[in-house]
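What follows is one structure encoded as structure tokens, with my remarks underneath.
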Amino acid sequence: MGLHDGNHSADDHPPPGSPVLEAILENARSKQYLGQRLDAAGERVGTDLLGDIVRHGPVLEALRDEPLDRREIEERLDVSRATSHRFTQWLDEQGFVEKRDGRFQLTGPGEAVADEVLRFEANVRTVHRLSPLLDAVCEDHQEFVLEPFVDANVTLAEPDNPYRPVERFLSLLVDSESFRGFNTTHMAPLVLGEFHQQIFEGSDSEIIYLPPIVEKLFETYPERAKEATESGHLALRTRDELPYGLAIFDNRVGIGGYDEGTGLMQVFVDTDSQIACEWAEQVYASVRASSKPLEESGKIG
């Protein structure tokens, strides 16, 4: 399920983000073709070399901070003289370091490799932390970018408190004067009046739902939903397909994953990372561009 389907004009496209975000998005768009591109480019890097690069990650990271002499490497990494010698010898053979005035410093290729090793570690760590969310949105995770969520807060449902993710979501909503988002189901269970009180009265909100979800909302809260939408306090839009749940607060963004059987939120991941906020704005603008205002959907009389 793509985020860019639907017919819309060039004016509907979200504005470009920061150069860092654009680089991340371009990498995400091209990653599914990387294997083909590597094959076309010629000989692939051997797994032994890749493994050696990862094993030398700690010393690459240390030298990324500043040039170090051998004794400083030993102290920084808590390794023996023989080990530090092996490290620097291997890095020198690969052209990743050079020795100047008794200190080892990264070359241009060395700096680039050090950055990639750190990025790899960060993304693997993020995959482990966000695995419940990735499981919940697995069919659409190619549209999901890991890097912005490397230090995100992860809230999981627990047997003795299945509403923990919803409670986290509500705590952020209460503290936010505005709210925008989309979801495959209700943002919060219809029985939780606190959420609907907030979107009907507490925050200026715009939500994109599947048409049946909007119908159910009006069936449950006919008068309050009508009053909120007619006053402009709550703007509802519909779209026939949605990838997952996205929430944009004043200074924070979140993504929810839901249990298909119960419809309950199983995981909520949120962050105030600037890159994540920019990413969320672009995703929301793209989804909104192919959605319909409530009055055009023909679902509510």
Side-chain angles (χ1 to χ4, degrees), residues 1-17 25 29 136-137 139-145 166 169 172-173 176-190 192 195-250 253-258 260 263 265 268 276-301:
M1 188 186 308
L3 294 178
H4 301 283
D5 52 351
N7 298 319
H8 46 276
S9 68
D11 291 339
D12 290 326
H13 288 290
L25 294 176
R29 285 188 288 266
V137 300
E139 293 182 0
D140 307 285
H141 76 273
Q142 287 186 345
E143 302 284 0
F144 181 73
V145 184
V166 175
F169 168 78
L172 297 176
L173 179 62
S176 187
E177 295 182 359
S178 64
F179 174 77
R180 286 166 296 140
F182 58 74
N183 209 8
T184 56
T185 184
H186 298 284
M187 287 285 183
L190 288 173
L192 291 184
F195 166 72
H196 297 93
Q197 166 116 13
Q198 190 68 20
I199 65 166
F200 291 149
E201 302 173 10
S203 304
D204 288 326
S205 304
E206 180 178 83
I207 303 177
I208 305 170
Y209 276 140
L210 301 175
I213 302 302
V214 173
E215 292 179 357
K216 187 65 176 178
L217 179 66
F218 273 81
E219 289 176 7
T220 307
Y221 300 100
E223 295 182 3
R224 296 176 67 191
K226 182 178 180 181
E227 180 180 349
T229 53
E230 289 181 349
S231 68
H233 188 68
L234 170 64
L236 289 172
R237 303 178 68 90
T238 63
R239 194 173 188 263
D240 290 335
E241 291 183 333
L242 291 167
Y244 38 74
L246 177 70
I248 302 177
F249 308 99
D250 286 348
V253 299
I255 298 176
Y258 294 79
E260 292 185 1
M265 188 186 293
F268 187 69
C277 291
E278 288 187 34
W279 171 82
E281 291 285 356
Q282 289 208 23
V283 171
Y284 184 78
S286 180
V287 168
R288 187 183 189 280
S290 54
S291 67
K292 295 180 180 179
L294 181 63
E295 57 270 19
E296 294 182 13
S297 68
K299 298 296 181 181
I300 305 297

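Here the structure is a predicted model, which is why all the values come from computation and not from measurement. Note that the numbering runs from 1 along the sequence shown for the chain.
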inquiry  = Can you tell me how far apart CZ (R224) and CG (L217) are? Round to the nearest 0.5 Å.
reply    =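 Going from CZ on R224 over to CG on L217, the span is 10.0 Å.
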
ask   = To the nearest 0.5 Å, how far apart are CG in L294 and CD in E230?
value =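 L294 atom CG to E230 atom CD measures 10.0 Å (nearest 0.5 Å).
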
inquiry  = Looking only at the side chains, is there a donor atom on one of D204 and S178 sitting less than 3.5 Å from an acceptor on the other?
reply    =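 Their side chains do not contain a donor-acceptor pair, so the 3.5 Å distance test is not met.
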
message = My understanding is that only residues two or more places apart in sequence, or in another chain, count here; which of them pass side-chain contact (heavy atoms from CB on, under 4.5 Å) with A280?
response =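 With sequence neighbours excluded, A280 shows a side-chain contact (heavy atoms from CB on, under 4.5 Å) to L246, I248, V253, given in chain and number order.
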
ask   = Is a salt bridge present between R180 and E281, judged by a nitrogen-to-oxygen distance below 4.0 Å?
value =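 Looking at R180 and E281, the cut-off is met.
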
key: Option passing side-chain contact (heavy atoms from CB on, under 4.5 Å) with Y209 (candidates N183, T238, T185)   =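 Option passing the side-chain contact (heavy atoms from CB on, under 4.5 Å) with Y209: N183.
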
inquiry  = Using a 3.5 Å distance criterion without hydrogens, assess whether the side chain of S231 forms a donor-acceptor pair with backbone atoms of E227.
reply    =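 It does hold such a pair.
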
query = Looking only at heavy atoms, which two atoms of Y258 and M265 are closest? And how far apart?
reply =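 Smallest interatomic distance, heavy atoms only, reads OH-CE, 3.1 Å.
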
query = So which heavy atom on I213 is nearest to which on T184, and how close?
reply =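 That closest heavy-atom pairing would be CG1-O, 3.9 Å.
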
ask   = Partners of S291 by side chain to side chain donor-acceptor pair (under 3.5 Å), sequence neighbours excluded?
value =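 Result, side chain to side chain donor-acceptor pair (under 3.5 Å) vs S291: R237.
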
ask   = Looking at residues at least two apart in the chain, or sitting in another chain, which of them share a ring pair (Phe, Tyr, Trp, His ring centres under 6.0 Å) with F179?
value =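 Counting only residues at least two positions away or on another chain, F179 forms a ring pair (Phe, Tyr, Trp, His ring centres under 6.0 Å) with F169, F249.
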
